[in-house]
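This report refers to the structure that appears directly beneath it.
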Protein chains: 2
Amino acid sequence: MPPAQVIPLHAEPALFNPQTRICAECGVRKFALLGVVDLAELDRVHTHISSIKLSPGQSLYSAQAPGLAAFTLRSGIVRLERTSERGERRILRLAGASDLVGMEAMLGQTYAADAVACTDVEVCRLPRSLIEELARQQPELPLNLMKRWQSALDDADEWMTELCAGAARHRMLRLLLKLTEYAEGDRVWLPSRQEMSAMLDMTIETASRLVSQLKREGVLDTPDQRHAVIHNDALMAALRSDSLST
Amino acid sequence: MPPAQVIPLHAEPALFNPQTRICAECGVRKFALLGVVDLAELDRVHTHISSIKLSPGQSLYSAQAPGLAAFTLRSGIVRLERTSERGERRILRLAGASDLVGMEAMLGQTYAADAVACTDVEVCRLPRSLIEELARQQPELPLNLMKRWQSALDDADEWMTELCAGAARHRMLRLLLKLTEYAEGDRVWLPSRQEMSAMLDMTIETASRLVSQLKREGVLDTPDQRHAVIHNDALMAALRSDSLST
DNA sequence: CGCACAGTTGAGACTCATCAAACCACGTGG
DNA sequence: CCACGTGGTTTGATGAGTCTCAACTGTGCG
């Protein structure tokens, strides 16, 4: 018998409560935390998933707040940020479609960072109790969670090595490269200069100058304020020539 | 009946194989991953822990190598580092006594970074199969592992916000503060200028100049090349006045 | 239309990297 | 024992890269 998720939806409509339906149709489900859980099981569980939409600038959760749920990103980009001891905001990393954020909630801890929407965002809220209930029937779930922790750590490490070190121009080029990973088409989300400066530890002015310069060099175009088309070959060439000069 | 670990060692010596004995006497055991596992159980398991000693500069494991074991640090300091795309070495963070490194091995992944001893180091090697075997009898173990992943992530985030941003002098002061966390007495391990520059993304010369300056200001003394006495009040004062000027 | 705010651009100041030289601690071999 | 080389550290002089301050431009919105 085939697993539940490949049964055509009209076959047993009575099985699914409204939210489970949404899950069934979700484009990122198979890449997400609960991708291994079958829908029938999800339907049976008491605590429920809820969908949340956010506009740019809205907060998903805040550092120090009690963590009651983790969140799977269905679309859009979320930034994780912190304020340093001296009161400056620093963007730690980005999360995109199918990423899981706020995992610390699964441990009963407070959130470790602020999560803020960069674009329009759709997330699914996964309460702690839901994960715990599912984990009892699904021993793979904790393993999947651990893998996600490790990959968050990998992201943090990569961000650190590639986006935190070297000349400003080089960091900006690496950022553009990273942004292409979150593209949902040929256009890429282009952060505000403020966001760039918080990601790359530079001033708004320097970020602006670099973007302008790279536009002149044909590395990117900006059809509108918040989007860019990045020309990959020009970007790569810029990155390469930049490494040589060092 | 009291748990095994509080029974005086001479009571049932026959129970313990040689390595388990070492565990019983280990100073960091109760803070370490296997602190929750009782010794009798540890004794029964087939795969065994082994002790390893390293001198400064020796490698514990290398990035990309197949991860066969995680390691609990019993003493000393280990640095986790990576080389960036442009070929520069970057120190990501430090690990000290009772920390667990190389957790990615528990997921069957290759190591994500190089781990290198900064000081004389003693570690316990925990093979993957050992952890898996123990996890079967000890359901708390995976939870403990997850907590350690989260705290590694917290460390990475803190390193990022405090040690990767701001003026060189400020980053150096934050580093000194961080080093006090790893102190095993009143003396602190003082990294080589090379290591400092790889941690703080600055040149060796700048690191050297800053250390000299801070010595002149009475923030630290260096009884020998690799150790420092850090004067906490002077350090704090320096950090504060440094924040004000920004 | 005009206000608010993000982004751009310029000029000057300052930080930090670079290059170069000297210094020091150490171990080696004469 | 000392001369010597080696590798890490310190210090200086100079210039490139960024920050700061300031003015200006563009964009969206009441």
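In what follows, every chain begins at residue 1, and chains take the letters A, B, ... in the order their sequences are listed.
Residue A/Arg171 is classed as having no contact, given no heavy-atom separation below 4.0 Å to the nucleic acid.
If you measure from atom NZ of A/Lys215 to atom P of C/dG7, you get 10 Å, rounded to the nearest angstrom. Rounded to a whole Å, the CD atom of B/Gln194 is 13 Å from the P atom of D/dT10. When the P atom of D/dT11 is taken as reference, atom CZ of B/Arg193 falls 10 Å away, rounded to whole Å. Rounding to whole angstrom units, CD of residue A/Gln225 and P of D/dT25 are separated by 17 Å. Atoms CG (A/Asp242) and C1' (D/dG17) sit 13 Å apart, rounded to a whole Å. Spacing between atom CG of A/Asp201 and atom C1' of D/dC19 amounts to 11 Å, rounded to whole angstrom units. Distance, B/Met172 CE to C/dA17 P: 11 Å, rounded to whole Å. Separating the CE atom of B/Met202 from the P atom of C/dA17 is a distance of 7 Å, rounded to the nearest angstrom.
Each of A/Thr206 and B/Thr206 was assigned the nucleotide of DNA chain D with the nearest heavy atom; the assignment lying further toward the 5' end belongs to B/Thr206. Nearest-nucleotide mapping onto DNA chain D: of A/Leu210 and B/Gln213, the residue sitting toward the 5' end is B/Gln213.
For D/dC21, its base sits under 3.5 Å from the side chain of A/Glu205 at one donor and acceptor pair at least. You'll find a donor-acceptor pair under 3.5 Å spanning the side chain of B/Arg209 and the base of D/dG12, going by distance alone. A/Arg226 contributes no side-chain N or O that forms a donor-acceptor pair with the base of D/dT27 under 3.5 Å.
Checking side-chain atoms of B/His170 against main-chain N and O of B/Asp242 turns up no donor-acceptor pair under 3.5 Å. A donor-acceptor pair under 3.5 Å is absent between the side-chain atoms of B/Arg82 and the main chain of B/Ala63, judged by distance alone. B/Thr83 contributes no side-chain N or O that, together with a main-chain N or O of B/Gly87, makes up a donor-acceptor pair within less than 3.5 Å.
Side chain of B/Ser212, nearest nucleotide from D/dC19, C/dC16, D/dT10: D/dT10. Relative to the side chain of B/Thr203, the nucleotides C/dT8, D/dT10, C/dA17 differ in distance, and C/dA17 lies closest.
A/Arg216 has no side-chain polar atom (N or O) that falls below the 4.0 Å cut-off from OP1 or OP2 of C/dT8.
A parallel orientation is assigned to the rings of A/Tyr61 and A/Phe71, their planes being inclined by less than 30° (bins at 30° and 60°).
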*Check the pair A/Arg79 / A/Glu195 against salt bridge (Lys or Arg N to Asp or Glu O under 4.0 Å), numbers first and verdict last.*
CA-CA 9 Å; A/Arg79 61 178 198 256; A/Glu195 286 168 318; 2.7 Å; yes
